[in-house]
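When a residue number appears, it is its place in the shown sequence, counting from 1. The figures that follow rest on heavy atoms only: side chains count, while hydrogens, waters and symmetry mates do not.
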Amino acid sequence: MAEWTEVCDLEEIDEEDVIRFDHGDRTFAVYRDLSGGVWATDGLCTHENVHLAGGLVMDETIECPKHNGRFNYQTGAALRAPVCVNLATYPARVRDGKIEINI
């Protein structure tokens, strides 16, 4: 069953950036790409549970701030060591100027 949850206003995330979103006992990373599209993944790196929202966003990639492992935030694919486990991804959308994710 779909549970769309409001994260923030679209304008609260710059293009090619990421924010942290906590919901219940879970942490998510929510991204905005250069075309204004929005994406969501688990918020913690699969290598050492570091918050990805402190990382660097480049194109479709998030770089973990601790060991510089990289993921494709659109697919969750682990792209560069030391990460080797993919991130879970979640549907995201913009509705009435608000970003929502389906968790």
Side-chain angles (χ1 to χ4, degrees):
M1 189 167 162
E3 181 189 341
W4 287 97
T5 302
E6 185 178 305
V7 175
C8 65
D9 290 335
L10 176 63
E11 299 305 318
E12 290 182 44
I13 305 178
D14 292 330
E15 289 180 348
E16 206 169 36
D17 205 1
V18 59
I19 65 165
R20 177 178 169 175
F21 176 67
D22 295 321
H23 183 72
D25 61 351
R26 297 173 68 191
T27 297
F28 301 90
V30 181
Y31 312 83
R32 185 173 175 197
D33 66 22
L34 286 173
S35 67
V38 294
W39 308 87
T41 67
D42 281 335
L44 299 174
C45 179
T46 58
H47 176 240
E48 286 203 11
N49 291 323
V50 174
H51 290 281
L52 292 172
L56 177 65
V57 176
M58 302 165 288
D59 300 318
E60 299 88 34
T61 303
I62 179 70
E63 183 177 85
C64 178
K66 187 165 185 178
H67 292 121
N68 306 107
R70 291 184 182 170
F71 300 93
N72 179 306
Y73 63 76
Q74 295 178 351
T75 65
L79 301 175
R80 184 170 83 180
V83 298
C84 57
V85 176
N86 296 341
L87 288 171
T89 61
Y90 304 89
R93 68 183 182 190
V94 177
R95 187 171 177 184
D96 298 326
K98 308 275 187 194
I99 296 174
E100 298 177 337
I101 61 174
N102 186 338
I103 51 177

If I take atom [atom1] from residue [X] and atom [atom2] from residue [Y], how far apart are they, to the nearest 0.5 angstrom?
{"X": "T41", "Y": "N86", "atom1": "OG1", "atom2": "CG", "answer": "11.5 Å"}
{"X": "C8", "Y": "E100", "atom1": "SG", "atom2": "CD", "answer": "11.0 Å"}
{"X": "E12", "Y": "R32", "atom1": "CD", "atom2": "CZ", "answer": "11.0 Å"}
{"X": "L34", "Y": "E15", "atom1": "CG", "atom2": "CD", "answer": "6.0 Å"}

| note | Residues pairing under salt bridge (charged side-chain N to carboxylate O under 4.0 Å, His left out) where one sits in residues 39-53, two or more places apart or in two chains, turn out to be E48-K66
Taking side chain as C-beta onward, heavy atoms only, is [X] less than 4.5 Å from [Y]?
{"X": "T5", "Y": "F21", "result": "yes"}
{"X": "D33", "Y": "E60", "result": "no"}
{"X": "H51", "Y": "L44", "result": "yes"}
{"X": "V38", "Y": "I13", "result": "no"}

| R93 to W4 six-membered ring, cation-pi geometry met (6.0 Å, 45°) | yes
How close do [X] and [Y] get, heavy atom to heavy atom, and via which atoms?
{"X": "F28", "Y": "H23", "answer": "CE1-CB, 4.0 Å"}
{"X": "P65", "Y": "G54", "answer": "CB-O, 3.6 Å"}
{"X": "T89", "Y": "Q74", "answer": "CG2-O, 4.1 Å"}
{"X": "A92", "Y": "A40", "answer": "CB-N, 4.2 Å"}

| Remaining members of the apolar cluster that contains M58, side-chain heavy atoms under 4.5 Å | L56
| For Y31, the rest of its hydrophobic cluster, which grows through side-chain links under 4.5 angstrom | V18, W39, L52, V57, I62, F71, Y73, V83, L87
| request: Might you confirm whether atom CG of D22 has over 12 heavy atoms from other residues, nucleotides or ligands at distances under 6.0 Å? | output: yes
| Same cluster (ILVMFWY, side-chain, under 4.5 Å), V85 and V50 | no
| task | Using only heavy-atom distances, determine whether the side chains of D59 and T61 contain a donor-acceptor pair under 3.5 Å. | result | no
| request: Kindly say whether N68 contributes a backbone atom to a donor-acceptor pair with the side chain of R80 at under 3.5 angstrom? | output: yes
| query | Does D14 use its side chain to pair, donor to acceptor, with the backbone of D17 at less than 3.5 Å? | reply | no
